[in-house]
Amino acid sequence: MSTEYFDVLIVGAGLSGIGAAHHLTRRCPGKTYAILEARDAIGGTWDLFRYPGIRSDSDMYTLGYAFKPWRQAKAIADGPSILNYVRETATEAGVNEHIRFRHKVRRAEWNSETASWTVQAERVDTGETVEIACGFLYMCAGYYAYDAGYTPDFEGTDRFKGAIVHPQHWPEGLDYAGKTVVVIGSGATAVTIVPEMARTAAHVTMLQRSPTYVVSRPAEDGLANWMRAKLPAMTAYGITRWKNVLITMLFFNLARKKPEKTKERLINLVRDQLPKDYDVETHFTPRYNPWDQRLCLVPDADLFDAIKNGSASVVTDHIDTFTEEGLRLKSGKTLEADIVVTATGLRMQLLSGMDVVVDGRSVDLAKGFSYKGMMFSDVPNLASAFGYTNASWTLKADLTSEYVCRLLNHMDRAGMDICVPHLDQPDMAATPWLDFSSGYVQRAMDKFPKQGTKAPWKVHQNYALDLAALRLGKLDDGVMRFWRKRAKAAA
């Protein structure tokens, strides 16, 4: 089996991976690289998801790349527009030529003698195993399994005569016009699907076990559109980006410091959008504090409008069983349905489920610590892009890519081949990598690394702190160790 070699191997050709390649091309122009993508197209999440109304749940001035302005009028953009943006970025930077499609990464083995990773990838079209070596491995494959979403074991699904659909695998051509639909869930996917399907369905019911914080905001940013007409594109984009970053940070900090007042304000905003006699207490008042889970964004109040005009409704209850005609709930109430959509969440996974081996030793990353939210204790020359839970994904992904490029250039200048973060405080307290109560997070945290109580082992959900640490902070910080490869040292 012949093995190709690249200075950097990027895994994933979605929003993060295309951005990473663009940063690498600009900041490390002498580096060779390739991108491995398991699917047959660019786009990741934005190519995979095809459910009705698919859109961003963050504004595109922060979900977009720092280096490429978002030029469309809608700040809360639809999926196809975001996909076009990602593909346009790949074309402009010449990234397309470096992508190996239908390559599913299965295993990565590090060898300190050669200071290189050997990555085994399965050709999903042929079943063939391919080996590719690299000096640095950069994982940009997202945070969830693409093969299947999470669906609870509901009793009686085999009796149901209608269609059961998970949003992650939406069937092409599903006809729901004039049909009765039940959407199970209350997260970002559910609040997106419900108003969109309600446009043509006979009726759509959002069935939730418990409420989520739902916030309405305009789909268009009027100030951003005005500035784009008056100022150079990058100037207007940069101002809007920082405006939105600061507003998000301010709101998050306020929610943490004054959770009860923030909760009251959010619930009152919902009341303003619904009829006076609507039971907001039951259907839109969560049991947890704001930002213990991610807030759901509703552009132009479309969900509330669907509820007001009667095309959609919300039921808060637990499922007892599926029946032939729909669902029976624990309260005894029944919901008839032609189609049931299980918007019940994702299955999180680390590093695309890849096995990691360092010098012949299998590594359980869940037993280690996360360094700056992007590398792993005692694992050399490997980084992973992972965005924020309280802000746009790309804000952190951009900073991570910048840091990786700084790291590579630093090693070249210093004549080093290996970088590895090492924790020399064995008594440091360990806490979960993500402090989030969402079900999809809680189900997976035992498979993710831990975070510590202080930098650089603490995962900051704060763009300003990460900006200082990743763009401006010292690379040789006493925690990151640098080495020459053994073969070179011996010679």
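In what follows, every heavy atom counts, from backbone to side chain, and hydrogens, waters and symmetry copies are set aside.
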TODO: Measure from NZ or CZ of R228 to the centre of the six-membered ring of Y237, then state whether that distance is under 6.0 Å and the direction lies within 45° of the axis.
DONE: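 Relative to the ring axis of Y237, which defines the angle, R228 lies outside at least one limit.
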- [ ] In sequence, state the C-alpha distance, the side-chain angles, and the governing distance for L15 and T394, and then conclude on side chain to side chain contact (heavy atoms under 4.5 Å, CB included).
- [x] CA-CA 8 Å; L15 188 66; T394 318; 3.1 Å; yes
Task: Salt-bridge present (R55, D78; N to O < 4.0 Å) - done: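 Salt bridge between R55 and D78, a charged N being under 4.0 Å from a carboxylate O: no.
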Task: Salt bridge present between R107 and E109 (N-O < 4.0 angstrom) - done: yes
Specify whether [X] and [Y] have parallel, tilted or perpendicular ring planes, treating 30° as the upper limit for parallel and 60° as the lower limit for perpendicular.
X    : Y    : value
F49  : Y144 : tilted
F160 : F322 : perpendicular
W457 : Y371 : perpendicular
W291 : F251 : perpendicular
Y388 : Y463 : perpendicular

TODO: Quick one: which residue pairs count as a side chain to side chain donor-acceptor pair (under 3.5 Å) with a foot in residues 166-182, not counting sequence neighbours?
DONE: none
Open item on the list: Quick test of your reading: applying salt bridge (Lys or Arg N to Asp or Glu O under 4.0 Å), list the pairs with at least one residue in residues 201-223, sequence neighbours left out, ordered by first then second residue.
Closed with: D221-K243
- [ ] List the steps and the verdict of ring pair (Phe, Tyr, Trp, His ring centres under 6.0 Å) for W393 and F386.
- [x] CA-CA 7 Å; W393 176 274; F386 198 97; 5.1 Å; yes
Task: Derivation and outcome, side-chain hydrogen bond (donor to acceptor under 3.5 Å, both in side chains), residues Q208 and T316 - done: CA-CA 5 Å; Q208 59 181 13; T316 304; 2.9 Å; yes
Task: Distance in Å, R271 CZ paired with F284 CZ, rounded so as to fall on 0.5 Å steps - done: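 So the gap between those two atoms works out to 12.0 Å.
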Open item on the list: Tell me every residue that passes side chain to side chain donor-acceptor pair (under 3.5 Å) with E92, counting only those two or more places apart in sequence or in another chain.
Closed with: K68
- [ ] Indicate whether the side chain of T62 and that of D59 have a donor and an acceptor atom separated by less than 3.5 Å.
- [x]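 A pair is found: one side chain offers a donor N or O, the other an acceptor, under 3.5 Å apart.
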